[in-house]
Trainee: 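My structure is below; once you've seen it, I'll send some questions.
Because the structure is a prediction, the values reported are computed rather than measured. Every chain is numbered from 1, with letters handed out A, B, ... down the list of sequences.
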Amino acid sequence: LEDYRQNFIKGLNIITGISEEKLQDYASNNNVFNVLEHPNTINPDKEQLNRIRLLNDFLISYRLLKLDERDAKITLNTAQKSGDYFLSLLSGIKDRERFLVTFLDRSNTIIETKVMAEGDIGESAVYPRMVLKAAMDCDCSAIILSHNHPTGNVKPSAQDLAVTGVLVSIFNPIGINVLDHIVVGDTDYYSMTAHGEVPKPSKRLVNYDAIIYTEKPDTHQPSLESLICEKGAGKREDGSR
Amino acid sequence: MERNEEKMVKATILLKRLFEKNRDEMDQVGLLIQRDGIIDFLKDLDKYEISSDLYEKLYAVKVIVLTLEDLEGSKRKDV
């Protein structure tokens, strides 16, 4: 582990410009591998923080490309396969929320996976219209949704159910199935399909407003009904959630 | 849409922004990634004729990628 640590520190120093001394000092009391997930814990300057973000983005691109190269034809036909797939893309992300959509053909083989929303915690907005456009562009037959919970708690929030319900209801009339919504937290995942929690399509749920989602505590969550009534699951007019 | 080629372009652009290297040099990197794939490109860095500064930075990225992959692999085994 010490070899890993030292190599990681040297690499991070070269890429980000954060001094080895500072990284060594941080590593003496903390898990240095967490620097990428929690960059602010090491008090980087603006440029260093930007480089850490670029490195994180590259790591995601690398993982996606690696998946493409390893399995040119990835088929997501079970909740477990879907869970493992999204776990490889989203595990370990703790400083931001990222919402992915995978577009599948008739045999549930991946056509492509796209990042549809990304932002600081509580700031990510999913735009149903953009998801719809991406689905139309690739002529998919089904989609699978996934996003991460930075706290590691994989239980879906009311917003997670709401965004799923909205997308199920938008895609159902055009014959595109929303097969699952995988919530990833740390090294675990939760499949809504495996738990029978994918909402049924409903005309009432069709809503193209941006949906700001967040991982809310289990208590005091608004109900799905309250999120979808009147304004649907989208952002309210006053900008609050 | 984000097909394999577009992902490679995106990865190359991210490296370019990360390294602040000149366009020609990163175009070369982009072509090599497209030709050999991202895995083999990083694995076989030694065989490419690239500047020592670019090599050092790419090698640093390779070390970080491999370290995180190894750690992730062992973490999953533990789980």
Side-chain angles (χ1 to χ4, degrees), chain A residues 1 3-16 31-33 35-37 47 50-70 72 84 87-88 91-92 100-103 111-116 133-140 186-188, chain B residues 1-21 25-26 29-45 50-79:
Chain A
L1 187 64
D3 286 346
Y4 278 130
R5 191 177 289 123
Q6 293 307 321
N7 287 335
F8 186 80
I9 286 172
K10 281 180 189 163
L12 211 53
N13 161 250
I14 290 168
I15 298 296
T16 66
N31 182 352
V32 74
F33 302 113
V35 165
L36 293 180
E37 296 165 16
E47 182 53 34
N50 183 44
R51 284 169 187 264
I52 290 173
R53 291 219 158 132
L54 286 170
L55 179 59
N56 277 326
D57 288 343
F58 172 78
L59 290 171
I60 286 286
S61 285
Y62 173 85
R63 286 172 185 158
L64 285 169
L65 279 167
K66 192 177 173 186
L67 279 171
D68 285 352
E69 288 178 22
R70 193 181 59 193
D84 287 343
L87 197 57
S88 73
S91 69
L100 303 178
V101 178
T102 292
F103 302 90
I111 300 171
E112 64 172 327
T113 296
K114 293 191 85 161
V115 179
M116 297 306 302
K133 183 179 182 305
M136 294 290 103
D137 284 348
C138 69
D139 196 25
C140 67
D186 202 8
T187 57
D188 198 7
Chain B
M1 61 196 206
E2 201 170 45
R3 298 210 188 280
N4 197 274
E5 264 187 33
E6 289 182 30
K7 286 176 192 162
M8 288 194 200
V9 170
K10 186 189 279 186
T12 309
I13 289 171
L14 287 167
L15 287 177
K16 184 180 176 184
R17 290 173 63 193
L18 199 53
F19 298 166
E20 293 174 345
K21 303 301 290 184
E25 215 168 359
M26 292 314 293
V29 167
L31 289 173
L32 292 171
I33 289 175
Q34 285 192 34
R35 191 189 70 189
D36 297 345
I38 192 81
I39 299 171
D40 284 347
F41 173 73
L42 285 182
K43 190 175 79 180
D44 299 328
L45 269 185
I50 50 180
S51 70
S52 56
D53 181 59
L54 180 57
Y55 175 85
E56 184 189 38
K57 289 179 173 171
L58 284 168
Y59 186 77
V61 168
K62 174 181 175 174
V63 165
I64 289 171
V65 165
L66 295 182
T67 300
L68 293 177
E69 279 185 344
D70 282 354
L71 286 173
E72 184 63 31
S74 57
K75 204 173 175 182
R76 276 198 218 164
K77 277 179 199 165
D78 292 345
V79 173

Trainee: First locate atom CD1 of A:I15, then atom NZ of B:K57, and finally report the distance between them rounded to the nearest 0.5 Å.
Mentor: 7.5 Å
Trainee: Counting only heavy atoms not in B:K62, do more than 12 sit closer than 6.0 Å to its NZ atom?
Mentor: yes
Trainee: Drop me the distance from B:L66's CG to A:N7's CG, to the nearest 0.5 angstrom.
Mentor: 10.0 Å
Trainee: Using non-hydrogen atoms and a 4.5 Å limit, figure out which bit of B:V61 sits close to chain A: side chain, backbone, both or neither.
Mentor: both
Trainee: Measure across B:I64 and A:L36 and return the closest heavy-atom pair with its distance rounded to 0.1 Å.
Mentor: CG2-CD1, 4.2 Å
Trainee: Residues two or more places apart in sequence or in another chain: which of them pass ring-ring contact (aromatic ring centres under 6.0 Å, His included) with B:F19?
Mentor: none
Trainee: Tell me, for A:L55 versus chain B, whether the close heavy atoms (under 4.5 Å) come from the side chain, the backbone, both or neither.
Mentor: both
Trainee: Compare all side-chain heavy atoms of B:E69 with those of A:Y62 and state whether any distance is below 4.5 angstrom.
Mentor: yes
Trainee: Counting only heavy atoms from other residues, nucleotides and ligands, does the tally under 6.0 Å from CZ of A:R5 exceed 12?
Mentor: yes
Trainee: Counting C-beta onward and ignoring hydrogens, is there a side-chain heavy-atom pair between A:I14 and B:Y59 closer than 4.5 Å?
Mentor: no
Trainee: Distance from B:K16 atom NZ to A:L54 atom CG, nearest 0.5 Å?
Mentor: 13.0 Å
Trainee: Do you know which two heavy atoms are closest between A:F58 and B:I38, and how far apart they sit?
Mentor: CZ-CD1, 4.2 Å
Trainee: If you count heavy-atom pairs within less than 4.5 Å of chain A, which of B:V65, B:L42, B:I13 leads?
Mentor: B:V65
Trainee: Which pair of non-hydrogen atoms, one from B:D70 and one from A:Y4, has the smallest distance, and what is that distance?
Mentor: OD2-OH, 2.8 Å
Trainee: Quick check for you: to the nearest 0.5 Å, what is the distance between A:D57 atom CG and B:K10 atom NZ?
Mentor: 8.0 Å
Trainee: CZ of A:R53 to CG of B:L14: how many Å apart, nearest 0.5 Å?
Mentor: 14.0 Å
Trainee: Test of understanding: with ring-ring contact (aromatic ring centres under 6.0 Å, His included), list the residues that count as partners of A:F103, not counting sequence neighbours.
Mentor: none
Trainee: How close do B:L18 and A:R51 get, heavy atom to heavy atom, and via which atoms?
Mentor: O-NH1, 2.9 Å
